[in-house]
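All heavy atoms count here, side chains included; hydrogens, waters and symmetry mates do not.
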Amino acid sequence: MADAGQAVELQIRVYIIFLIAGQATATLLGGLYYDEGGNSKWMATFVQSAGFPILIPILLFIPPSTTSAITPPPATTLILLYLFFGLLLTGDNLMYSYGLLYLPVSTYSLLCATQLAFNALFSFLFNSQKFTALIINSLFLLTVSASLVAVNSDSDDSSKIPKGKYIIGFFCTLGASAAYSLYLSLLQLSFEKVIKSENFRVVLEMQIYPSMVAACGSMVGLFVSGEWTGLKTEMNGYKKGSVSYIMTLVWTAIAWQICSVGILGLIFEVSSLFTNVISTLGLPVVPVLAVIFFGDKMDGVKAIALVVAIWGSVSYVYQHYLDDLKLKAKMRLLVSGNDGCDNA
């Protein structure tokens, strides 16, 4: 039992590394795409879900479960779920693309930390999450952090961007954070109420099929918007060359899928709520890397916003740590009680 527990803990650590590393790499590559001359919002949206084929071989190696006594939901229900989550991901990815286009990477990442606040709200509505003093403190701090970023727009690197576009990027990033939190909460709700199973194959299917829908939706947007006509010109005008243009898009897609594997693993081993916490906890890494690689300004107000965001994230994580301690204590009492009954 101890060896099994250690193996699970090791898997969780690996999934956390995948999530944080994939998220940070994909965000930085997305910023690089725009920084070096890329301008297609729909292409940036497409690559966030286009890497799903690399997960298909993993799915093929995992046989369907035959031991579960739970009747699987009807195929029509699953198709509707895949379509809903796919379209939700399309809108979420598009808003993230607008945010990366119109905001510096560091500012964008700080705003993404607000997904914890949205996570608390949606978890309260859909997953029976309770509001505690630590969670309320976290919501307040993350709101303050986002507000500092908003009022600091004039002294930001965004001075090169028209005020109207900065506002669009600001609210699109907030909207994307809300949509991402809603996605994870509804995903957890679907596992509990509809699918009623959380074996890894089911979780993998919930990543692949909605991503397929999201990729198709992004392709439709790319052609309907007419942005596809400028892709060749965009590639030829890319500052680092056409090969670098293609590799940036390819590795962005791969990085997002690495992140998705981490997300899937954490949902499978822990919960969607914990997944969102870890995702948000990794966001402060990106502003620091953005200063190093993109030369983003880290003035006093943005530095304070970063510290406040980290404080809010740690407050939220500490609440989950306390909840986990209570759960383990209850489990020990339950096990000791069963042992006492057996001895009797």
State yes or no: do [X] and [Y] share one hydrophobic cluster built from I, L, V, M, F, W and Y residues joined by side-chain heavy-atom distances below 4.5 Å, directly or via other members?
X: M206; Y: I54; answer: yes
X: F85; Y: L87; answer: no
X: F46; Y: F223; answer: yes
X: I58; Y: I17; answer: no
X: L55; Y: F61; answer: no

Distance, nearest 0.5 Å, that separates [atom1] of [X] from [atom2] of [Y]:
X: T45; Y: L89; atom1: OG1; atom2: CG; result: 11.5 Å
X: L94; Y: K41; atom1: CG; atom2: NZ; result: 8.5 Å
X: L60; Y: L204; atom1: CG; atom2: CG; result: 9.5 Å
X: D35; Y: L100; atom1: CG; atom2: CG; result: 11.0 Å
X: I263; Y: I16; atom1: CD1; atom2: CD1; result: 12.5 Å
X: I168; Y: T173; atom1: CD1; atom2: OG1; result: 11.5 Å

Go through the structure and list residues passing side-chain contact (heavy atoms from CB on, under 4.5 Å) with [X], not counting sequence neighbours.
X: P57; result: none
X: L83; result: I79, V213
X: L80; result: none
X: A179; result: L88, D92, M95

Find out whether [X] and [Y] are in side-chain contact, i.e. whether some heavy atom of one side chain is under 4.5 Å from a heavy atom of the other.
X: L186; Y: F84; value: yes
X: N93; Y: V47; value: no
X: Y108; Y: Y96; value: yes
X: L32; Y: L28; value: no
X: W42; Y: T90; value: yes

Query - Aromatic ring pairing Y82/Y209, orientation class (parallel under 30°, perpendicular over 60°, tilted between) - result: tilted
Report task. Take the angle between the ring planes of Y166 and F170 and call it parallel below 30°, perpendicular above 60°, tilted in between. Result -> parallel
Show me the side-chain donor-acceptor pairs of residues 240-250 shorter than 3.5 Å, one per line, residues at least two apart or across chains.
unit_1: Y245; atom_1: OH; unit_2: E234; atom_2: OE2; d: 2.7
unit_1: T248; atom_1: OG1; unit_2: S244; atom_2: O; d: 2.7

Query raised in the report: Given Y180 and C112, is the side chain to side chain contact (heavy atoms under 4.5 Å, CB included) satisfied, shown in steps?
Result: CA-CA 10 Å; Y180 177 77; C112 285; over 6 Å; no
Just jot down the ring pair (Phe, Tyr, Trp, His ring centres under 6.0 Å) partners of [X], sequence neighbours excluded, or say none.
X: Y34; result: none
X: F118; result: none
X: Y15; result: none

**Report entry** More than 12 heavy atoms of other groups within 6.0 Å of Y238 OH
**Finding:** yes
Query raised in the report: Does atom NZ of K239 have more than 12 heavy-atom neighbours, drawn from other residues, nucleotides or ligands, at distances under 6.0 Å?
Result: yes
Heavy-atom pair with the smallest gap, counting every atom of [X] and [Y]:
X: S185; Y: F122; answer: OG-CB, 3.5 Å
X: S190; Y: L81; answer: OG-CD2, 3.7 Å
X: G99; Y: C172; answer: N-CB, 4.4 Å
X: G86; Y: A214; answer: O-CB, 3.5 Å

Query raised in the report: Restricting to pairs with a member in residues 214-233, which pass side-chain hydrogen bond (donor to acceptor under 3.5 Å, both in side chains), not counting sequence neighbours?
Result: S40-E227
Using a 3.5 Å cut-off and no angle test, enumerate the donor-acceptor pairs between side-chain atoms of residues 254-261 and protein atoms at least two apart in sequence or in another chain.
unit_1: S260; atom_1: OG; unit_2: Q207; atom_2: NE2; d: 3.2
unit_1: S260; atom_1: OG; unit_2: W256; atom_2: O; d: 2.9

**Report entry** Residues clustering with V220 (ILVMFWY side chains joined when closer than 4.5 Å, directly or via others)
**Finding:** V224
Requested in this report: Evaluate the criterion side chain to side chain contact (heavy atoms under 4.5 Å, CB included) for residue pair V194 and L189; output intermediate values, then yes/no.
Outcome: CA-CA 8 Å; V194 181; L189 185 67; over 6 Å; no
Report task. Quick one: do L78 and E205 satisfy side chain to side chain contact (heavy atoms under 4.5 Å, CB included)? Show the steps, please. Result -> CA-CA 10 Å; L78 288 176; E205 288 172 344; 6.0 Å; no
**Report entry** Partners meeting side chain to side chain donor-acceptor pair (under 3.5 Å) with S315 (sequence neighbours left out)
**Finding:** N137
